[in-house]
Amino acid sequence: MDKIAAPRGTADLFPPESARWQALEESVHRIARRFGYGEIRTPTFESTELFVRGVGETTDIVEKEMYTFADKGQRSLTLRPEWTAPVVRAVLEHNLLAQGPQRLYYIGPIFRYERPQAGRYREAHQFGIECFGFAGPEADVETIALAHEVLRAHGLGVTVAINSIGDATCRPRYREALFAHFAPHRDALSPDSQRRLDRNPLRILDSKAPEDRALVASAPTMLDVLCEPCAAHFARVREMLGAIGVAYRVDPSIVRGLDYYTRTVFEFISDDLGAQSTVCAGGRYDGLVAELGGPPTPGVGFAMGLERFLMILAKRGVGASAERRGIAVVALGEDARRRVVPLVAALRRAHGDLPVTIDYGDGKIAAQFKKADRANARAAVIVGDDEVRGGSVVVRDLATRVQESLAATSDDATADAVLHWYAALPAAADAAA
RNA sequence: GUGACUGUAGCUCAGUUGGUUAGAGCGCUGGACUGUGACUCCGGAGGUCGCGGGUUCGAGCCCCGUCAGUCACCCCA
């Protein structure tokens with residue numbers, strides 16, 4: 001087969017699926033704006049160095065998942081595997097922090113070289129926010145509240161799982177405590193966890209291996225070891241989440257994979273996603289801005305996987321029914337078709353919002369009605385030989401099958417008459433009943 | 001990167017222990033009905049059986065490779 005297919009782990013998008021994406025994107029823009037966030041767009045590729053420093057040299061993303069290439073000038077570039085590092089880079093490059101705290105959101109693709117499976121693709125799309133300049137727990141809560149609102153706005157009742165992974169003071173202590181707990185039982189751990197023990201003992205906590213379960217359950221939790229400022233911060237986060245009515249559950253096994261997180265981390269999890277159950281995840285990253293060469297600046301944010309979100313909505317059948325809307329122009333014969341072109345233009349000009357379609361083919365009237373019906377048009381405007389001769393158009397309500405004849409004069413006047421008639425139609429739901 | 005399962009029409013799928021011109025439903029299209037969507041009836045188009053190799057007198061079916069999809073691991077949105 002010499003047909004070229006889309007690369008592995010990528011997908012084409014077209015109607016009616018693309019309409020679901022548009023609806024989600026619009027709602028996400030609206031909600032971010034409502035929280036006072038402004039959109040940031042950054043290049044699709046960046047210097048490889050940005051991700052190595054920003055995400056962490058020993059993370060899986062950097063070690064094996066990046067699309068890295070050399071351009072013709074021998075620069076090493078990488079397709080964006082995540083948004084936080086590029087956003088920080090842009091904020092620093094344009095010195096936005098000089099103007100005070102920044103609330104930014106983004107929506108767009110990321111690229112990771114992974115084996116595709118449910119909810120995982122090589123090109124995926126994320127919506128997320130980054131809030132810079134607020135060290136207090138209010139910013140953590142606002143971030144969680146925004147994510148919560150996006151999910152809630154689409155009818156998902158969700159509980160956020162939260163944890164604190166401490167800061168530079170207490171996290172090293174916790175690593176030691178974990179190591180001390182697991183090391184004596186090294187041989188009893190799963191092979192993966194034996195490896196984690198040396199590289200990053202925190203990762204053992206979310207192991208799925210059954211042989212690890214008992215040891216994980218008896219392990220000390222981060223919350224036992226938190227330094228006093230971190231403990232106070234976490235307590236305030238919990239208190240305020242309760243105050244704004246966001247349901248949460250403390251889950252000490254949440255550790256997050258990227259190096260830059262500090263203190264609060266959280267995940268929104270869904271049962272509808274199979275093994276990739278996280279639809280949205282984030283946390284605080286107070287060290288990242290300085291790490292990338294900026295002034296020490298606290299930050300907190302999240303990333304939401306749009307494919308995963310849409311997957312949940314599809315599974316729940318949310319937003320499945322499209323309403324009947326718009327006008328299909330039916331022209332019978334070449335003469336009528338020619339004369340109807342200006343009328344179609346006038347209809348589209350007159351009312352920017354209604355879809356106006358026309359079939360330029362030679363199909364007979366029954367076929368054209370069928371197409372209009374399938375396309376979910378509400379009304380048809382019919383022009384045939386009789387109408388051309390008599391100076392009229394027939395307008396038909398496709399929901400009730402009731403039709404009438406309107407006088408046709410100038411194209412603009414006819415368009416007005418048609419739209420006036422359309423505006424008076426009963427609601428589609430009533431019409432169907 | 002590891003493992004399992006699956007690739008037949010636009011879609012969903014049949015296809016007997018390997019055996020003539022590969023089928024169905026839906027969709028598309030023409031007609032019955034020469035200007036009205038449903039239903040019914042009759043006709044038509046649409047397939048290099050993912051691709052490459054092998055075994056065989058003969059492969060959609062068996063074997064190997066490869067590409068892709070699906071699911072899980074690792075990891076992550």
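Numbered from 1 within each chain, the chains take letters A, B, ... in sequence-line order.
Checking B:C74, B:A72, B:G35 against every side-chain atom of A:A275, the shortest atom distance belongs to B:A72. Among the nucleotides B:C28, B:C76, B:U36, the one closest to any side-chain atom of A:K370 is B:C28. Side-chain proximity of A:R396 to the nucleotides B:G37, B:C74, B:G31 is greatest for B:G37.
Within 3.5 Å, no donor on the side chain of A:R115 pairs with an acceptor on the base of B:C73, nor the reverse. Judged by atom type and distance alone, A:Q403 reaches the base of B:U36 through a side-chain donor-acceptor pair under 3.5 Å. Counting distance only, with no hydrogens placed and no angle test, the side-chain atoms of A:R308 and the base atoms of B:C76 include a donor-acceptor pair under 3.5 Å.
Pairing for B:G30 is with B:C42, a Watson-Crick or G-U wobble pair whose two hydrogen-bonding atom distances lie under 3.5 Å. The partner of B:G69 is B:C5, by the rule that a Watson-Crick or G-U pair needs both atom distances under 3.5 Å. With both pairing distances under 3.5 Å, B:G19 is matched to B:C57 as a Watson-Crick or G-U wobble pair. Searching all strands for a Watson-Crick or G-U wobble partner of B:G37 with both distances below 3.5 Å returns nothing. With a 3.5 Å ceiling on both atom-pair distances, B:C74 lacks any Watson-Crick or G-U wobble partner.
Residue A:Q117 has no polar side-chain atom (N or O) positioned under 4.0 Å from OP1 or OP2 of B:C71. Proximity of A:R196 to the phosphate of B:C75: a side-chain N or O atom is located under 4.0 Å from OP1 or OP2.
One P atom belongs to B:A14, the other to B:A9, and the distance between them is 12 Å to the nearest Å.
Contact check on A:D359 versus A:K371 returns a salt bridge, with a Lys/Arg side-chain nitrogen under 4.0 Å from an Asp/Glu carboxylate oxygen.
In terms of modelled atom types and a separation under 3.5 Å, the side chain of A:E26 and the main chain of A:A23 share no donor-acceptor contact. The backbone N or O of A:P355 sits nowhere less than 3.5 Å from a side-chain atom of A:R325 that would complete a donor-acceptor pair. Listed for the A:Q194 side chain is a donor-acceptor partner under 3.5 Å among the backbone atoms of A:L189.
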